[in-house]
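Note sheet for the following structure.
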Number of protein chains: 2
Amino acid sequence: MAQARRKDEKLRDVSRRMILERTARLLVRNGYGDTSLRDIAQACDMKAGSLYYHFDGKDALIEQVMTEGVRRVQARVRDALDQAADASPLDRVRLAMEVHLTTLHDKSDYASAHIRCFPHVPADIRQRLRSVREEYEAVWIDLLETARGAGLIAADVDLMTLRFALIGMMNWTLEWPRVAGTRPTDLADRFFRIAFEGASHPVPQIG
Amino acid sequence: MAQARRKDEKLRDVSRRMILERTARLLVRNGYGDTSLRDIAQACDMKAGSLYYHFDGKDALIEQVMTEGVRRVQARVRDALDQAADASPLDRVRLAMEVHLTTLHDKSDYASAHIRCFPHVPADIRQRLRSVREEYEAVWIDLLETARGAGLIAADVDLMTLRFALIGMMNWTLEWPRVAGTRPTDLADRFFRIAFEGASHPVPQIG
DNA sequence: CAAAAATTATAACAGTTGTTAGAATTATCG
DNA sequence: CGATAATTCTAACAACTGTTATAATTTTTG
């Protein structure tokens, strides 16, 4: 009600979206176990029972937040990659890292809620979320295999390990206190520099 | 009671240790918010009220588990480094990675409990845990600065970013389903290979 | 074995949790 | 406006939470 909405957008959808957003924020701060329906309702200026008009229950609501978390990152990364279809394979990897990190930190509580709560969510939800994750991981598998096909990744580097290393160092930045003041874009460059050039290798300045 | 104990070890300490261990396992599986004192007590063949003889309350118990989580990793890493005092700076980094990963996956639920629950633990506990973390991080800062001093890390690589990248890719392995069958030692080698030689650089075989 | 100390169990407390049914309210539309 | 549909609130439920005081039990000691 505090939000402007397009003519063609149903009030029902606006409320749903607001609930999902507030839930995401609470999940990031307090985690799955310590986010109650009454907390969520209060953040939405509602009462707990009213949430059941929009969602089947706590777990259904949270599952949707976490599902959307992956989908949003995936959508943004795919869009960026589509608009840079002719870039070099390694530049596409760097771009994907930049968008992934930016979405995590600036754009969406959904994504960080997913990352922080995934380990502690009920097993049946976690099971379904795995499928959603795999779709996004397919993007990275494709990125890295393409780079290898172009001869840009050494033969003795296991692509799965490389993928987990990249995802790991990026997602773990959520544990830092405010990313130590580094902008996500700079962070992506530095991570890329380390993972692909190697911390031991000096990189000659171009020009 | 089900456990043999040394003559000089008080029963009190044995019980405390058992409670801490079972708590760590539950924390890893269920997280902070969904691990109740009755769950812990049941895992110890006790009743919830009895736990108060050993600990001041839930938060005190959990804080001690998580504190010990860092201390154990730190102790094992320091020991290994002391026994390899004359190794090259980069070999010492690789060794630290190996011990860190091994402890996380094979040796101790304390460490993984710490990593998984840290974001969702009450704020005052989290504050105190930060100091404990900083002590361990000092080990890594020293490792990397020494390597740089020996000219083994390129000048344009930010050491803080490198440290976060290493810690991040290692800690994130807890999110994989059983590390995908890779042994921690091999994992350490591959991570080291990527982060220091660079995924794009072919490494000439020695010999 | 008996006395003292250490450890655990019992039972209850106040508060919180997810959930539900039905009443009350608000928005939509003829 | 009036009628209908779409939302929200109310109030309660059973189950669970951390915690406490006190009683029962076990272990250690003399």
Side-chain angles (χ1 to χ4, degrees), chain A residues 1-23 26-27 29-66 117 120-125, chain B residues 1-23 26-27 29-66 117 120-125:
Chain A
M1 54 163 41
Q3 194 121 0
R5 60 175 157 121
R6 307 191 311 270
K7 267 274 175 52
D8 63 328
E9 198 174 23
K10 303 278 190 289
L11 177 62
R12 179 192 190 107
D13 296 332
V14 174
S15 299
R16 273 185 69 98
R17 201 178 312 271
M18 177 191 66
I19 294 172
L20 288 168
E21 262 165 27
R22 308 280 163 91
T23 303
L26 287 175
L27 284 178
R29 300 205 202 296
N30 308 327
Y32 171 79
D34 290 331
T35 300
S36 74
L37 279 181
R38 286 171 176 84
D39 291 340
I40 296 173
Q42 182 177 346
C44 301
D45 292 311
M46 292 174 57
K47 300 295 178 177
S50 310
L51 295 171
Y52 281 80
Y53 177 78
H54 295 282
F55 300 93
D56 288 339
K58 181 187 181 181
D59 284 358
L61 166 56
I62 287 183
E63 178 170 350
Q64 185 149 349
V65 168
M66 296 181 68
C117 298
H120 302 312
V121 121
D124 57 314
I125 296 183
Chain B
M1 55 163 40
Q3 194 122 356
R5 61 176 156 122
R6 306 191 314 270
K7 268 270 175 54
D8 62 328
E9 199 174 21
K10 301 280 189 290
L11 176 63
R12 179 192 191 107
D13 295 333
V14 173
S15 299
R16 273 184 70 98
R17 201 179 310 271
M18 178 191 67
I19 295 172
L20 288 168
E21 262 165 27
R22 308 279 163 90
T23 303
L26 287 175
L27 284 178
R29 298 204 203 297
N30 308 328
Y32 171 78
D34 289 331
T35 299
S36 73
L37 279 182
R38 286 171 177 82
D39 290 340
I40 296 173
Q42 183 177 346
C44 301
D45 293 310
M46 293 173 58
K47 301 295 179 177
S50 309
L51 295 172
Y52 281 80
Y53 177 77
H54 295 281
F55 298 94
D56 288 339
K58 182 186 182 183
D59 284 357
L61 166 56
I62 287 183
E63 179 171 349
Q64 185 150 347
V65 168
M66 298 182 69
C117 298
H120 301 312
V121 120
D124 57 313
I125 296 184

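Proteins get letters first, then strands, A, B, ... in listed order; numbering begins at 1 in each.
The side chain of B/Asp39 lies closest to D/dT17, out of D/dT17, D/dT8, D/dT19. Comparing C/dT10, D/dG18, D/dC9 against the side chain of A/Lys47 picks out D/dC9 as the nearest. Relative to the side chain of A/Ala48, the nucleotides C/dG18, C/dT19, D/dT19 differ in distance, and C/dT19 lies closest. Side-chain proximity of B/Leu37 to the nucleotides D/dT19, D/dT8, C/dG18 is greatest for D/dT19.
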Working for side chain to side chain contact (heavy atoms under 4.5 Å, CB included), residues A/Ile62 and A/Phe55: CA-CA 10 Å; A/Ile62 287 183; A/Phe55 300 93; over 6 Å; no
Using the side chain to side chain contact (heavy atoms under 4.5 Å, CB included) rule, take B/Met18 and B/Arg22 through it: C-alpha gap first, then chi angles, then the decisive distance, then the call. CA-CA 6 Å; B/Met18 178 191 67; B/Arg22 308 279 163 90; 3.7 Å; yes
So B/Met46 and B/Leu51, side chain to side chain contact (heavy atoms under 4.5 Å, CB included) or not? Walk me through it. CA-CA 8 Å; B/Met46 293 173 58; B/Leu51 295 172; 4.3 Å; yes
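For D/dT8, the OP1/OP2 oxygens have no side-chain nitrogen or oxygen of A/Tyr53 closer than 4.0 Å. Contact check, B/Ser50 against C/dA9: a side-chain N or O comes under 4.0 Å of OP1 or OP2. OP1 or OP2 of C/dG18 lies within a sub-4.0 Å distance of a side-chain N or O belonging to A/Lys58. Proximity of B/Ser36 to the phosphate of D/dT17: a side-chain N or O atom is located under 4.0 Å from OP1 or OP2.
With values rounded to the nearest 0.5 angstrom, A/Asp34 atom CG is found 11.0 Å from A/Leu26 atom CG.
As judged by a 4.0 angstrom heavy-atom cut-off over every strand, B/Asp45 is placed among residues touching the sugar-phosphate backbone only. Among the atoms of the strands shown, only primed sugar atoms or phosphate atoms (P, OP1, OP2) are found under 4.0 Å from some heavy atom of A/Gly57.
One interatomic measurement links the two molecules: CD of B/Gln42 to P of D/dC16, which rounds to 12 Å at whole-angstrom precision. With rounding to whole Å, B/Asp34 atom CG is found 18 Å from C/dT16 atom P. The separation between B/Tyr52 atom OH and D/dT20 atom C1' is 8 Å, rounded to whole Å. The distance between atom NE2 of B/His54 and atom P of D/dT19, rounded to the nearest whole Å, is 16 Å. Taking atom CZ on B/Arg38 and atom C1' on C/dT16, their separation rounds to 13 Å, with Å as the unit. D/dT27 atom P lies 17 Å from atom CG of B/Asp13, rounded to whole Å. Atom CD1 of A/Ile40 and atom C1' of C/dT17 are 12 Å apart (whole Å). Between the CG atom of A/Asp56 and the P atom of C/dT19 there is a distance of 10 Å, given to the nearest Å.
A cation-pi arrangement, defined by a distance under 6.0 Å to the six-membered ring centre and an angle within 45 degrees of its axis, is present between A/Lys58 and A/Tyr32.
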